[in-house]
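Some notes on the structure that comes next.
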Number of protein chains: 2
Amino acid sequence: MQTVRKDIHNSDIPVLCQSCEARHQGICGALNPEQLLALAKSTRRVRKDAGEELLADAMPISSYANVLRGVVKLSKVLEDGRQQVVGLQFAPDLLGRPFAAESRVSAEAASEVDLCLIPKPALETLLTQSAALEHLVMLQALRELDEARDWMVTLGRKSAAEKVASFLYLIATHIDPTEVEPETRFELPLTRADIGDFLGLTIETVSRQISRLKADGVIEILGNRHVTVPDLARLRLRCG
Amino acid sequence: MQTVRKDIHNSDIPVLCQSCEARHQGICGALNPEQLLALAKSTRRVRKDAGEELLADAMPISSYANVLRGVVKLSKVLEDGRQQVVGLQFAPDLLGRPFAAESRVSAEAASEVDLCLIPKPALETLLTQSAALEHLVMLQALRELDEARDWMVTLGRKSAAEKVASFLYLIATHIDPTEVEPETRFELPLTRADIGDFLGLTIETVSRQISRLKADGVIEILGNRHVTVPDLARLRLRCG
DNA sequence: CGAGGTTTTGAGAAATGTCAACTAGTGTGG
DNA sequence: CCACACTAGTTGACATTTCTCAAAACCTCG
């Protein structure tokens with residue numbers, strides 16, 4: 001069987017890629033061992049601290065990157081400084097807009113993140129060679145489109161209370177890439193300011209709604225960031 | 001030269017496709033004459049009136065469709081009935097979520113529209129055969145993602161006045177698929193209720209903001225739908 | 001011309017934003 | 001290891017925006 005053969009011939013697979021999330025669920029899963037080996041020659045693993053800028057709006061892109069750990073915040077800024085977070089990326093998403101000379105968003109490490117940098121030409125060469133890879137990239141784009149549209153409903157039609165509940169639910173269901181089940185305990189990867197920019201609310205309104213959820217027993221909070229959700233269904237009910 | 005040859009051999013191209021927008025700027029441009037001919041055998045042109053439902057959320061999809069004329073409204077509805085328009089499609093967009101068994105949005109003709117229906121299996125067969133076609137479909141998905149993210153900024157961070165101005169600007173720049181320049185006179189393809197659902201506002205707020213733009217001389221309105229924008233730069237300024 | 005639906009306008013209510021003060025974490029240097 | 005300083009988060013009072021409900025005006029179409 002193919003899958004067994006693959007495991008037996010694990011030595012074909014670059015060491016760094018062997019346990020890599022991107023190979024199992026991310027775009028590298030589309031590559032055969034030779035392609036993976038060729039790609040691994042030009043990739044580079046880097047760790048970024050929370051707050052570091054990864055990609056600036058309207059700046060030329062030199063690299064794509066697989067998100068291996070942590071959360072990346074994608075945002076757009078109006079001339080007068082108003083900011084909107086337009087997406088979050090979790091492992092094993094591919095970071096960077098394919099087939100564009102420059103980014104249309106800015107990307108920032110929301111938490112500490114590990115990235116696998118892929119030089120732009122390396123990925124684009126592979127994309128022309130592998131229809132399977134291009135297909136996976138398209139599927140990610142379609143998934144991000146679905147997520148963006150879901151979020152538009154939250155931004156346009158939900159109350160502040162529903163927005164905050166929706167955000168917490170989103171994090172619970174996405175924070176752990178290896179786990180299919182939502183998490184009941186997690187660290188918030190975003191500051192209150194970031195949450196506000198994601199939800200189209202002020203920092204104060206976010207804080208008040210979190211306090212309310214806490215008072216109502218829907219969530220527990222330890223320190224500022226550590227959240228426990230005793231009953232996910234109850235949180236889900238608050239999402240509108 | 002390829003392009004000249006193509007024009008000389010126009011007889012290879014199905015009659016209905018010859019003047020079709022989708023062949024020039026849409027996804028059919030990726031097909032060679034044989035593929036186009038094969039596809040044309042199973043496509044069907046239909047006209048839909050404003051308000052007709054084209055695709056229901058969570059319903060199985062049997063067809064894709066090229067939008068040839070008019071405006072299609074994509075929307076999502078919350079359990080309690082709150083609605084959010086998550087996108088508008090203009091000619092020559094492809095309607096329908098590729099590689100999904102069911103739609104995640106509902107689609108409705110916002111104005112009278114002409115569609116070229118493509119049976120799901122026909123398009124999906126072609127997609128596996130033509131990397132060029134899949135590439136165009138991906139580019140449309142990426143463009144829609146960019147548009148969705150732009151709109152998230154409008155939904156999350158703009159005032160009601162800026163939202164309405166942004167909407168009018170969007171229509172002015174997209175209503176005519178053959179024209180690169182924004183239009184200064186056009187028919188609004190959406191009712192006030194639809195505009196409200198697109199902007200996350202009530203019908204009354206939309207109306208008030210339109211009245212304000214009219215009073216300020218930024219736009220002129222004849223009847224309920226016919227809009228003239230004497231100075232697009234002035235409208236652009238109101239978009240925030 | 002009239003009926004039905006759509007749009008506009010007004011007045012008051014509710015939600016969210018703003019500004020300011022206060023509190024609680026977090027990290028650093030003695 | 002503790003104390004201090006700094007940043008992030010919370011809470012309160014008030015302002016502003018947007019929503020809600022109601023009525024009137026306006027189109028569109030038969």
Side-chain angles (χ1 to χ4, degrees), chain A residues 49-51 73 78 80-84 108 110-112 154-168 187-216 219-227 238 240, chain B residues 49-51 73 78 80-84 108 110-112 154-168 187-216 219-227 238 240:
Chain A
D49 287 330
K73 187 185 89 185
L78 254 29
D80 62 4
R82 281 175 288 178
Q83 187 172 87
Q84 176 69 43
E108 184 182 317
S111 63
E112 187 180 79
T154 300
L155 286 174
R157 285 298 181 208
K158 291 189 185 176
S159 69
E162 292 167 334
K163 284 178 176 181
V164 170
S166 301
F167 170 76
L168 292 171
E187 291 287 317
L188 280 182
L190 268 58
T191 64
R192 299 290 186 275
D194 286 337
I195 298 172
D197 285 342
F198 194 23
L199 297 170
L201 298 173
T202 59
I203 194 174
E204 293 94 335
T205 301
V206 172
S207 181
R208 276 184 249 272
Q209 298 301 337
I210 289 182
S211 298
R212 180 96 96 84
L213 287 173
K214 192 166 55 174
D216 293 355
I219 58 173
E220 287 153 31
I221 296 203
L222 241 133
N224 278 330
R225 298 290 194 95
H226 199 99
V227 178
R238 303 267 180 149
Chain B
D49 287 330
K73 187 184 89 184
L78 254 29
D80 62 3
R82 283 175 286 179
Q83 187 172 89
Q84 176 69 43
E108 184 183 317
S111 62
E112 187 180 78
T154 300
L155 286 175
R157 284 299 181 207
K158 291 189 185 176
S159 68
E162 291 166 335
K163 284 179 176 181
V164 170
S166 300
F167 170 76
L168 293 171
E187 291 286 316
L188 280 182
L190 269 58
T191 64
R192 300 290 187 274
D194 286 336
I195 298 173
D197 285 342
F198 193 23
L199 297 171
L201 298 173
T202 58
I203 193 175
E204 295 94 334
T205 301
V206 172
S207 180
R208 277 184 248 273
Q209 297 303 337
I210 289 183
S211 298
R212 182 95 96 84
L213 286 172
K214 192 165 56 173
D216 293 356
I219 58 173
E220 287 152 31
I221 297 202
L222 240 133
N224 277 332
R225 297 291 194 91
H226 200 98
V227 177
R238 302 269 181 148

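Just so it is clear: chains get the letters A, B, ... in the order the sequence lines come, proteins before strands, and each one is counted from 1.
Take the nearest nucleotide of DNA chain D for A/Arg157 and for A/Ile210: the residue whose nucleotide is more 5' is A/Ile210.
To the nearest 0.5 angstrom, B/Leu213 atom CG is 5.0 Å from B/Ile219 atom CD1. Here B/Gln84 contributes atom CD and A/Thr154 contributes atom OG1; the two are 9.5 Å apart, rounded to the nearest 0.5 Å. In this structure, CZ on A/Arg225 lies 7.5 Å from CZ on A/Arg192, to the nearest 0.5 angstrom. Considering OG1 of A/Thr202 and CZ of A/Arg208, their distance stands at 7.0 Å, rounded to 0.5 Å. To the nearest 0.5 Å, atoms CZ (B/Arg238) and OG (B/Ser166) are separated by 12.0 Å.
Comment: B/Arg82 does not engage B/Asp197 in a salt bridge, judged by the lack of any side-chain N to carboxylate O separation of less than 4.0 angstrom. Between A/Lys73 and A/Glu108, at least one side-chain N (NZ, or NE/NH1/NH2) sits under 4.0 Å from a carboxylate O, which counts as a salt bridge.
Closest approach of A/Ala50 to A/Ala110, counting heavy atoms only: CB-O, 3.5 Å. For the residue pair B/Leu199 and B/Lys163, the shortest heavy atom distance occurs at O-NZ, 3.0 Å.
Sparse packing is recorded around CZ of B/Arg212, with 12 or fewer heavy atoms of other residues, nucleotides or ligands lying under 6.0 Å away.
In this structure, CD1 of A/Ile219 is placed 14 Å from C1' of D/dT10, rounded to the nearest angstrom. Residue A/Leu188 contributes atom CG, which lies 15 Å from atom P of C/dG25 at whole-angstrom precision. Look at CD1 on B/Ile221: it is 13 Å from C1' on C/dT6, rounded to the nearest Å. Atom CZ of A/Arg192 is separated from atom P of C/dG25 by 11 Å (rounded to the nearest Å). The nearest whole Å value for the distance from the CZ atom in A/Arg212 to the C1' atom in D/dT11 is 14 Å.
Checking B/Asp194, B/Leu190, B/Thr191, B/Leu201 one by one against B/Val206, the side-chain contact (heavy atoms from CB on, under 4.5 Å) holds for a single residue, B/Leu201.
Rotation axes derived from the C1' atoms of the five outermost pairs at either end of the helix from C/dC1-D/dG30 to C/dG30-D/dC1 lie 40° apart, to the nearest 10°.
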Exercise for review: Would you mind building the protein contact string for nucleotides 23-30 of chain D? One character per nucleotide, 5' to 3', B for base within reach (heavy atoms under 4.0 Å), S for sugar-phosphate only, - for untouched.
Suggested key: --------
Table of protein N/O atoms under 3.5 Å from nucleotides 9-16 of chain C N/O atoms:
residue, atom, partner, partner atom, Å
C/dT9, OP2, B/Ser211, OG, 2.5
C/dG10, N7, B/Arg208, NH1, 2.8
C/dG10, O6, B/Arg208, NH2, 3.2
C/dT16, OP1, A/Ala160, N, 2.8

